[in-house]
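Predicted model, so just to flag it, every value in this text is computed and none were measured. Values below: all heavy atoms of this structure, side chains included; hydrogens, waters and symmetry mates excluded. In listed order, ligands and their atoms are each counted from 1.
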Amino acid sequence: NKGKYEHYMQKEIHEQPESLTTTMRGRLIRGGLCKSKSVLLGGLKDHLKTIRRSRRIVFIGCGTSYNAALAARPILEELSGIPVTMEIASDLLDRQGHMYREDTAVFVSQSGETADTLQALEYAQENGALCVGITNTVGSAIARNTHCGVHLNAGCEIGVASTKAYTSQIVAMAMLALAIGADTISSQERREAIIEGLFDLPGKVKEVLKLDQEMKDLAKLLIAEQSLLVFGRGYNYATALEGALKVKEVALMHSEGILAGEMKHGPLALVDETLPIVVIATRDACFSKQQSVIQQLHARKGRLIVMCTKGDAASVCVGGSCRVIEVPQVEDCLQPVINIVPLQLLAYHLTVLRGHNVDQPRNLAKSVTTQ
Ligand code: UD1
Ligand code: M6R
């Protein structure tokens, strides 16, 4: 039931304040007098000690689920103090990459039925790793076959393009990072700030959804383009990859997410006065580096669309020649949850304007159960 919406993708994008709320429900504890804020993940509490003792945490997934894990990687590394590596499920299988008994392997999947992820799970089990699932589907193969895990509780996702599951996955993995790091006194303040940030997040998502019309206007400008680049780094490298994936899979427009630090190692050659480029430059430790990326793209006459923190338009938009998307600021590690929303809206409107099937893009299936 799409209710007042025309498409499931549109409904699911606008549902995110609620889906994020249900992902967090009962899992964040504000604490009473003298008690600190904390996270309670019922499915993990008996396994946290083992996870903390592991030598490595390996994230494994495909498509949007992989991107969500990439968004959560920095905060997991920071709060756990354990090296975190990334695997696209099919690539791990192609290489028969190493997996050890001392590994914690985290399988991220909305459907819980993706063939490559499921096969990578079997492979990790055979190699003795502790297997943790992050899935949206209770009773799915991945939920059943992992040792423990966290259900997203984001509600059923129908649109082939994953939207609300992505933001809930990032939040679930941020909570995973908070739970693993919970016994480290030195990061207590940081963890409490993130927990406060999580409480505020649904409200901030509601705020960023107000950009709907602005994104529709931007889509009108981009309707006939062949290609769109998206530059990001740090916490928002994943936002660049995921924004580009949305544009390519539903709007059927070539789009590429680029790690901004790689700009001079190739992508800069593409820049001219015709190619539209989205640069994500919200406030975090990478902000000044992104300002310099914007200047260099500007010097090559790039057609820039800059996503920045509210109030920063003047400091990111050199010469006033670019378009700006201003978003509310949240705790740095949660910013990817906010920043993806305008790009989801852009992909949605581009698709409708270009006359393509929003909920069932050609050649794609919601859950990829064959290899
Ligand atoms: C659970 C209940 C929830 C109830 C809550 C009350 C279920 C599905 N969840 O939620 O209805 O309100 O207790 O305390 O009954 N798991 C995996 N792999 C996965 C995902 C989960 O093995 O990929 C396991 C978990 O380790 C756990 C169980 O499934 O044993 C349920 O997980 P989850 O729903 O996340 O647990 P709670 O949030 O505690
Ligand atoms: O169900 P899963 O999360 O395992 O699915 C993984 C990918 O197939 C999926 O995210 C795909 O990339 C989406 N269509 C992206 O919107």
Side-chain angles (χ1 to χ4, degrees), residues 8-9 12-13 22-29 39-48 50-51 59-71 88-90 104-121 124-125 130-154 156-173 175-176 179 238 241-251 255 257 340 343-344 347-348 351 358-371:
Y8 284 110
M9 182 186 181
E12 287 158 3
I13 292 172
T22 56
T23 297
M24 294 186 278
R25 182 164 295 142
R27 290 167 165 174
L28 297 182
I29 297 150
V39 161
L40 178 72
L41 295 171
L44 289 187
K45 62 179 188 324
D46 298 335
H47 298 83
L48 284 173
T50 320
I51 298 176
F59 272 131
I60 302 165
C62 306
T64 289
S65 293
Y66 175 89
N67 292 343
L70 190 64
I88 292 174
S90 65
T104 293
V106 182
F107 296 85
V108 189
S109 173
Q110 189 285 131
S111 62
E113 304 289 349
T114 298
D116 284 328
T117 312
L118 196 52
Q119 207 185 322
L121 168 58
Q125 294 271 23
L130 175 73
C131 297
V132 179
I134 307 280
T135 123
N136 198 30
T137 316
V138 178
S140 61
I142 290 170
R144 281 186 278 112
N145 294 314
T146 38
H147 296 116
C148 59
V150 183
H151 286 117
L152 298 180
N153 303 333
C156 186
E157 189 181 64
I158 293 168
V160 167
S162 185
T163 53
K164 64 173 180 172
Y166 178 72
T167 47
S168 282
Q169 284 167 335
I170 298 175
V171 162
M173 288 182 269
M175 293 193 293
L176 170 71
L241 295 187
E242 176 59 11
L245 177 57
K246 287 292 89 95
V247 169
K248 107 177 79 181
E249 84 168 319
V250 283
S255 186
I340 195 59
L343 302 179
Q344 293 172 339
Y348 169 74
T351 310
V358 178
D359 289 328
Q360 281 184 306
R362 70 177 181 207
N363 311 336
L364 298 183
K366 178 66 181 161
S367 129
V368 184
T369 52
T370 53
Q371 286 178 306

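- Nearest protein heavy-atom contact of atom 3 (O) of ligand 2 is Ser65 OG, 2.5 Å.
- Within a 6.0 Å sphere centred on CD of Gln125, other residues, nucleotides and ligands contribute more than 12 heavy atoms.
- For atom 6 (C) of ligand 2, the nearest non-hydrogen atom from the set Gly63, Gly61, Cys62 comes from Cys62.
- In terms of protein heavy-atom proximity, atom 16 (N) of ligand 1 is nearest to Gly149 N, 3.5 Å.
- At under 3.5 Å, a nitrogen or oxygen of Glu249, whether backbone or side chain, sits near a nitrogen or oxygen of ligand 2.
- Of the polar atoms of Asn153, none of the N or O atoms is found under 3.5 Å from an N or O of ligand 1, judged by distance alone.
- Remark: ligand 1 and Ala143 share an N or O pair separated by less than 3.5 Å (distance only, no angle test).
- Annotation: side chain of Lys366 is in contact with side chain of Glu157 (closest heavy-atom distance under 4.5 Å).
- Here the heavy atom of the protein found nearest to atom 5 (O) of ligand 2 is Thr114 OG1, 3.4 Å.
- When every heavy atom of Thr114 is checked against every heavy atom of Cys62, the shortest pair comes out as CG2-SG, 3.8 Å.
- Taking each heavy atom of Ala347 and Ala251 in turn, the nearest pair found is O-CB, 4.1 Å.
- In this structure, the side chain of Lys246 does not engage the main chain of Leu343 through any donor-acceptor pair within 3.5 Å.
- At the shortest separation from atom 32 (O) of ligand 1 among protein heavy atoms lies His151 ND1, 3.2 Å.
- Regarding atom 23 (O) of ligand 1, its nearest protein heavy-atom neighbour is Thr135 CG2, 3.0 Å.
- Residues Phe107 and Ile134 fail the side-chain proximity criterion, which asks for heavy atoms closer than 4.5 Å.
- With hydrogens and angles disregarded, a donor-acceptor distance shorter than 3.5 Å links the side chain of Asp359 to the backbone of Met9.
- With sequence neighbours left out, Thr22 forms a side-chain contact (heavy atoms from CB on, under 4.5 Å) with Arg25.
- For atom 12 (O) of ligand 1, the nearest protein heavy atom is 4.0 Å or more away.
- Heavy-atom distances between Arg27 and ligand 1 reach below 4.0 Å in at least one pair.
- Not a single protein heavy atom sits closer than 4.0 Å to atom 7 (C) of ligand 1.
- Less than 4.0 angstrom separates some heavy atom of Ala161 from each of these atoms of ligand 2: 16 (O).
- Relative to atom 17 (C) of ligand 1, the option among Ser109, Ala141, Cys148, Ala172 with the closest non-hydrogen atom is Cys148.
- Neither side chain, Thr135 nor Gln110, offers a donor N or O lying under 3.5 Å from an acceptor on the other.
- There is a protein heavy atom closer than 4.0 angstrom to atom 38 (O) of ligand 1.
- Summary of contacts: the protein heavy atom closest to atom 18 (N) of ligand 1 is Thr146 OG1, 2.8 Å.
- Ligand 2 has at least one atom lying under 4.0 Å from a heavy atom of Lys246.
- Note: an N/O pair closer than 3.5 Å links Gly43 and ligand 1 by distance alone.
- For atom 11 (C) of ligand 2, the nearest non-hydrogen atom of the protein is Thr64 N, 4.2 Å.
- Here the protein heavy atom with the shortest distance to atom 8 (O) of ligand 2 is Val368 CG2, 3.9 Å.
- The line from NZ of Lys248 to OG of Ser255 is 6.5 Å long, rounded to the nearest 0.5 Å.
- Listed by number with element, the atoms of ligand 1 under 4.0 angstrom from any heavy atom of Gly42 are 39 (O).
- Short contacts between ligand 2 and Gln110, defined as distances under 4.0 Å to a heavy atom of the residue, involve ligand atoms 1 (O), 2 (P), 3 (O), 4 (O).
- With 3.5 Å as the limit, one finds a donor-acceptor pair spanning the side chains of Thr64 and Glu242.
- In this structure, atom 3 (C) of ligand 1 is not in close contact with the protein, since no protein heavy atom lies within 4.0 Å of it.
- Across Gln169 and Ala68, no two heavy atoms sit closer than the pair OE1-CB, 3.3 Å.
- Taking the side-chain contact (heavy atoms from CB on, under 4.5 Å) definition, one finds that Glu113 meets it with Ser111, Ser140, Ala141, Ser367, Thr369, sequence neighbours left out.
- Closest approach of Leu152 and Ser168 over heavy atoms only: CD2-O, 3.7 Å.
- Given atom 1 (O) of ligand 2, the protein heavy atom at minimum distance is Ser111 OG, 2.7 Å.
- The nearest protein heavy atom to atom 20 (C) of ligand 1 is closer than 4.0 Å.
- Counting heavy atoms from C-beta outward, Val368 and Asp116 have side chains that stay 4.5 Å or more apart.
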